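If you read the sequence from its start, that first residue is 1, and numbering goes on from there. Since we're looking at a predicted model, the values are computed, not measured.
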Amino acid sequence: MHRLIVATWIVLFAAVAQAAPPYRVLIVDGQNNHAWKATTPVLTKHLTDSGLFKVEVATSPEKGKDMSGFTPKFADYQAVISNYNGDEWSEPTKQSLVDYVGKGGALVIIHAANNSFPKWTAYNEMIGLGGWGGRNEKSGPYVRFRDGQIVKDTQPGPGGHHGKQHPFQVIVRNSQHPITAGMPTAWMHANDELYDKLRGPAENIDVLATAYADPATGGSGEHEPMIFTVKFGQGRVFHSPMGHSVEAMECAGFALTLTRGTEWAITGQVTQTKLPEDFPTADKVSVRK
Ligand code: ZN
């Protein structure tokens, strides 16, 4: 019994020591059909300004170039944030990400990062839902909020779509989770693409907030996942379909979602419990330059 208690304390101490901020975070970019050179600095600024993270960036070779030398050491970081949508990585690099997350690492997926790697099974399991790249009913269900609950819809159809960019309300569906705790039930997100019709394995997915993809702006007519998490092996994944542009990422709501989501993916908890004064309200966008 005594030995067990000592062992437990050692494990607890090790966990706490490893989890002390500032957390080392790696943003992966270098290819994207979005302005990654402009948006990675916005992600970096939000993370750094929170005081919790120390950010480094791994930039891949350009599209079409040899990727064999792109070998970020994911395991050296406490979280990996993907702002990447591009060419396949080498098998060893892919496997090292799977090992990293599977063994308890933290992965954060931003917007078009969920377009990446449509054929990579483990990646799609990690991100839960993705879009484009030939994704369809074989990729997994659509995930929607209908009649007060999250439902998985297996009807055939393409994965990934969006209407016209516009500011839209994010509706918190689970305010008990550390990432969304204390947020207003509805808050107005800055001008962005509202991703709809995402599809994927959607296993171990926890949808915390949705947004209504209004047909009036070309949307699906469904309440679509907008803040969610995925459990993969021992690891935690935080996924934000928001973040098309600098303007979208400058939203104070996006900023808190990012910094809370990243902290949660690392520790399973959130210390940033106080809502910032500039947090958007139900009908007013709030942008942080
Ligand atoms: Zn986009």
Side-chain angles (χ1 to χ4, degrees), residues 23-32 34 36 43 58 60 67 70-136 138-143 150 152 159-160 177 179 195 197-209 224-243 257-258 260-268:
Y23 305 111
R24 290 187 71 199
V25 169
L26 183 71
I27 299 178
V28 180
D29 66 13
Q31 294 184 31
N32 204 317
H34 293 68
W36 60 270
L43 297 172
S60 78
M67 294 292 280
F70 184 60
T71 55
K73 298 283 173 286
F74 300 123
D76 288 353
Y77 299 87
Q78 284 157 307
V80 173
I81 299 182
S82 180
N83 192 24
Y84 180 91
N85 175 23
D87 290 349
E88 298 288 318
W89 298 343
S90 70
E91 282 307 319
T93 296
K94 286 181 171 182
Q95 191 56 48
S96 73
L97 184 69
V98 175
D99 291 345
Y100 166 77
V101 181
K103 289 175 183 165
L107 178 64
V108 174
I109 298 296
I110 304 295
H111 194 64
N114 75 22
N115 299 186
S116 231
F117 309 125
K119 306 286 185 224
W120 177 10
T121 303
Y123 184 76
N124 285 282
E125 288 169 3
M126 290 190 280
I127 69 175
L129 294 170
W132 296 273
R135 286 175 173 87
N136 58 24
K138 291 183 187 131
S139 315
Y142 298 120
V143 175
I150 297 296
K152 294 180 182 177
H177 194 282
I179 295 175
Y195 270 6
K197 300 187 181 177
L198 297 177
R199 309 195 77 128
E203 285 160 13
N204 308 312
I205 191 172
D206 189 5
V207 178
L208 306 179
E224 302 278 356
M226 212 42 57
I227 301 174
F228 60 97
T229 68
V230 183
K231 191 89 184 89
F232 180 85
Q234 300 302 308
R236 282 178 288 265
V237 182
F238 165 69
H239 187 149
S240 168
M242 294 180 277
T257 305
L258 170 71
R260 280 185 173 187
T262 305
E263 185 184 12
W264 176 84
I266 294 169
T267 68

| said: List the residues meeting side chain to side chain contact (heavy atoms under 4.5 Å, CB included) with K231, not counting sequence neighbours, and say none if there are none. | reply: N204, R236

| Can you check whether M67 reaches T93 side chain to side chain, under 4.5 Å on heavy atoms? | no

| message | Checking the side chain of R135 only, and the main-chain atoms of N115 only, is there a donor and an acceptor separated by less than 3.5 Å? | response | yes

| request: Would you check if the side chain of Y100 reaches a backbone N or O of A79 as a donor-acceptor pair within less than 3.5 Å? | output: yes

| query | Just wondering, do E224 and Y195 contact through their side chains at under 4.5 Å, heavy atoms? | reply | no

| task | Could you check whether the rings of Y84 and F117 sit parallel, tilted or perpendicular, using 30° and 60° as the cut-offs? | result | parallel

| request: Sort and list the pairs that fulfil salt bridge (Lys or Arg N to Asp or Glu O under 4.0 Å) and have at least one residue in residues 23-32, not counting sequence neighbours. | output: R24-E56

| query | Would you say the side chain of L26 lies within less than 4.5 Å of the side chain of D76, judging by non-hydrogen atoms? | reply | no

| Would you say the side-chain atoms of H239 pair up with the backbone N or O of I109, donor to acceptor, closer than 3.5 Å? | no

| field | Heavy-atom side-chain contact between M242 and I227 under 4.5 Å | value | yes

| query | Are E88 and K119 within salt-bridge range, i.e. N to O under 4.0 Å? | reply | no

| request: Check S96 against P72 and note the closest heavy-atom contact, atom names and distance. | output: OG-O, 4.4 Å

| remark: The reported gap from CD1 in I179 to CG in D206 (rounded to nearest 0.5 angstrom) is 8.5 Å

| query | Would a 4.5 Å heavy-atom cut-off, applied to side chains only, mark F232 and L107 as touching? | reply | no

| message | Using modelled atom types and a 3.5 Å cut-off, is there a donor and acceptor pairing between side-chain atoms of S60 and backbone atoms of F70? | response | no

| Any sub-3.5 Å donor-acceptor pair from N124's side-chain atoms to P118's backbone N or O? | yes

| message | Parallel, tilted or perpendicular, judged at 30° and 60°: which one describes the rings of W89 and W120? | response | perpendicular

| field | Working for side-chain contact (heavy atoms from CB on, under 4.5 Å), residues F74 and V28 | value | CA-CA 10 Å; F74 300 123; V28 180; 4.1 Å; yes

| Of all residues at least two apart in sequence or in a different chain, which pass the side chain to side chain contact (heavy atoms under 4.5 Å, CB included) check with A202? | L129, P141, V143, K152, I205

| message | Has T267 got a side-chain atom pairing as donor or acceptor with W264's backbone, closer than 3.5 angstrom? | response | no

| Residue pair P241 / F228, side-chain heavy-atom distance below 4.5 Å | yes

| request: Rounded to the nearest 0.5 Å, what's the gap from CG on N83 to CD1 on I110? Could you check? | output: 7.5 Å

| Expected output: side-chain K73 to main-chain T71 donor-acceptor under 3.5 Å | yes

| said: Just verifying a value: how many Å separate N85 CG and H34 NE2, rounded to the nearest 0.5 Å? | reply: 7.5 Å

| field | 4.5 Å side-chain heavy-atom contact, M126 and L97 | value | yes

| said: Nearest 0.5 Å, please: how far is CG in N114 from CG in L198? | reply: 5.0 Å

